[in-house]
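Please read all numbers here as calculations on a predicted model, not as lab measurements. Just so you know, these numbers use all the heavy atoms, side chains as well, and skip hydrogens, waters and symmetry mates. Position 1 is the first residue of the sequence; numbering continues from there.
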Amino acid sequence: EARDIMEDLRKTVEKAKMPGFEKVAFFIPEHGPPKGKAVAVRIRGERFEVLHEMAEKFVDYMSGIKGALDIDHDYRMGKDELRIVVDEEKAAAAYLTVGGIAANVRTAFKGGVATEIKQSKAEEEIDVLVRFPQERTNTLEIFDSLLIPNTYGKLIPLKKVAHIEKKDAISTIRHLDGKRVVTAMAGVDKKNMTSIKLNQMLAKKFKNIESDYVGYTVKYGGEQEETKESMESFARAFLLSFFLIFMILASNFRSLVQPLVVMLAIPFGFVGVVLAFIAHNMPLSFMALLGIVGLTGVVVNDSIVLVDFINRMRLGGADRRESIVKAGQLRLRPVLLTTITTCLGLAPVAYGIGGGDPFLRPAAMAISWGLVFATGLTLVIIPCIYAIIDDVTIKITHHTTVKMAKNGRKDGPAYVDDKKNST
């Protein structure tokens with residue numbers, strides 16, 4: 001697997017100690033949620049010096065934890081940067097503004113549009129860009145000869161109102177919720193560590209770090225955060241699908257009880273999914289959970305066929321027992337054919353027959369095995385539950401009828417007496 005290849009490469013690189021490289025990192029891109037690093041500690045604040053110091057503390061701590069891999073942070077120094085520091089008092093005395101100085105320096109290096117020309121037969125106008133020659137913009141001497149026009153049109157030498165500083169600059173400035181952020185990251189060796197456990201260890205170790213650095217906040221994210229968001233989305237999708245299926249069945253059967261009988265096939269399918277993944281030694285991944293959402297809509301088909309056939313026979317005058325037995329006999333073949341054709345269609349994806357996709361395999365595995373297991377239980381248990389629910393309904397209806405009859409006999413004479421008295 002890709003993870004085994006990566007481990008072999010990591011050991012080879014560590015032994016070789018390859019010259020010319022500051023750092024060699026290994027990372028396997030994930031095909032679906034959760035994505036990204038297992039641990040991503042995002043540190044928010046204003047000063048990069050403090051952010052870097054805090055990130056180094058997290059990196060140093062994770063470096064001593066067994067199972068934490070590819071530990072790093074995204075604070076990177078880029079190329080040298082030239083900064084024009086304006087003396088605001090001198091600039092004001094020369095009738096210059098910081099914005100005006102910046103605009104003229106930008107025009108000198110990047111150029112400015114002086115005018116536009118258009119040929120007689122051309123459809124678009126051509127911008128005329130004016131700027132310093134490129135051979136002059138590659139030297140620092142350009143700042144000594146650069147002239148800035150003030151508000152009165154006088155040319156003021158830049159060196160009279162500003163000076164040049166050469167400093168190191170970070171390669172990328174990232175923000176989170178309006179503040180600068182530096183992220184400390186790490187992967188995990190799943191044989192010795194999990195992302196949840198490593199995040200918990202970091203939260204316990206650095207529980208007081210925000211009080212030590214006032215004005216700076218720490219947020220733990222990465223794979224754990226993505227997993228939480230994905231599970232919340234999955235829960236919403238599952239509840240919505242469950243509700244829509246119930247509404248469709250209720251409108252079809254014109255009952256609020258029989259849809260629940262039909263939908264009892266859904267937990268039967270869940271049992272099949274769990275047993276199948278245990279037998280195949282596969283983790284219950286997020287794609288498997290998406291397959292379960294799809295399974296909820298497929299697994300009820302067999303139950304619908306049985307319950308609808310029973311209802312039709314009872315409307316034709318057959319008793320309940322005869323209807324249930326006939327439904328099991330006459331609908332057995334359609335139910336099995338529906339399940340077999342669906343599972344055979346998913347088998348190439350679930351088992352990679354003719355070339356498979358590991359990303360889609362868990363979803364296909366969940367649907368196919370959940371449907372197989374639910375079908376067997378549906379043929380046996382759903383008719384039994386139908387009979388039990390029908391008995392309960394009859395008893396409740398009978399009890400209500402008897403109670404209403406008793407109330408009617410009790411209230412009848414009183415009503416008559418009242419009428420006689422009023423007469």
Practice problem: Start with the C-alpha distance between Val41 and Leu202, add both sets of side-chain angles, then the distance that settles side chain to side chain contact (heavy atoms under 4.5 Å, CB included), and finish with yes or no. | Solution: CA-CA 9 Å; Val41 183; Leu202 291 173; 3.8 Å; yes
Self-check item: Derivation of the ring-ring contact (aromatic ring centres under 6.0 Å, His included) call for Phe253 and Phe246
Solution: CA-CA 10 Å; Phe253 290 114; Phe246 179 83; over 10 Å; no
Quiz item: So Tyr61 and Lys57, side chain to side chain contact (heavy atoms under 4.5 Å, CB included) or not? Walk me through it.
Solution: CA-CA 6 Å; Tyr61 176 70; Lys57 289 187 175 182; over 6 Å; no
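In this structure, Arg320 places its CZ atom where more than 12 heavy-atom neighbours from other residues, nucleotides or ligands lie under 6.0 Å away. Crowding of Phe242 atom CZ: a count of heavy atoms from other residues, nucleotides or ligands under 6.0 Å not exceeding 12. Counting non-hydrogen atoms of other residues, nucleotides and ligands closer than 6.0 Å to CD of Glu89 gives a total of 12 or fewer. The number of heavy atoms from other shown groups lying within 6.0 Å of CE (Met282) is above 12. Around atom CD of Glu125, more than 12 heavy atoms belonging to other residues, nucleotides or ligands sit under 6.0 Å away.
The side-chain heavy atoms of Arg333 and Arg331, taken from C-beta on, include no pair separated by under 4.5 Å. Looking only at side-chain heavy atoms (C-beta outward), Phe143 and Leu140 come within less than 4.5 Å of each other. Contact annotation: the side chain of Gln258 never approaches that of Met263 to less than 4.5 Å [non-hydrogen atoms, C-beta and beyond]. Between Val182 and Asp74 the shortest side-chain heavy-atom distance falls below 4.5 Å. Counting only heavy atoms from C-beta outward, the side chains of Tyr351 and Met365 approach each other to under 4.5 Å. A 4.5 Å side-chain heavy-atom check between Asp87 and Val161 finds every atom pair outside the cut-off. A heavy-atom distance below 4.5 Å is not found between the side chains of Val262 and Leu306. Using a 4.5 Å heavy-atom threshold, the side chains of Tyr216 and Met54 count as touching.
Formation of a donor-acceptor pair under 3.5 Å by the Asp308 side chain with backbone atoms of Ile304 is not found in this model. At least one donor-acceptor pair under 3.5 Å links the side chain of Asn104 to the backbone N or O of Gly100. Looking only at distances, a side-chain donor or acceptor of Asn301 sits under 3.5 Å from a matching main-chain atom of Val298. Without hydrogens or angle criteria, Asn208 side chain to Ser211 main chain gives no donor-acceptor distance under 3.5 Å. Without hydrogens or angle criteria, Arg44 side chain to Val181 main chain gives no donor-acceptor distance under 3.5 Å.
For Ser63, the side chain to side chain contact (heavy atoms under 4.5 Å, CB included) test picks out Val59, Ile71, with sequence neighbours left out. Not counting sequence neighbours, the partners of Leu264 by the side chain to side chain contact (heavy atoms under 4.5 Å, CB included) test are Ile382, Ile385. Applying the side chain to side chain contact (heavy atoms under 4.5 Å, CB included) criterion to Ile173, with sequence neighbours excluded, gives Phe48, Ile170, His175, Arg180.
The aromatic ring centres of Phe373 and Phe268 sit 6.0 Å or more apart.
Between Thr378 and Ala265, the closest heavy-atom pair is OG1-CB, 3.8 Å.
Looking only at atom types and distance, the side chain of Arg42 has no donor-acceptor partner in the side chain of Thr183 under 3.5 Å away. Side chain to side chain, Thr339 and Asp302 meet the donor-acceptor criterion of an N or O pair below 3.5 Å.
Between His52 and Tyr75, the angle of the ring planes stays under 30°, which puts this pair in the parallel group of the 30/60° scheme.
Put simply, CG on Leu289 and OG on Ser233 are 12.0 Å apart, with the number rounded to the nearest 0.5 Å. For the atom pair CG of Leu96 and CD1 of Ile148, the computed distance is 7.5 Å after rounding to the nearest 0.5 Å.
Taking 4.0 Å as the cut-off between side-chain N and carboxylate O, Lys395 and Asp391 do not count as a salt-bridged pair.
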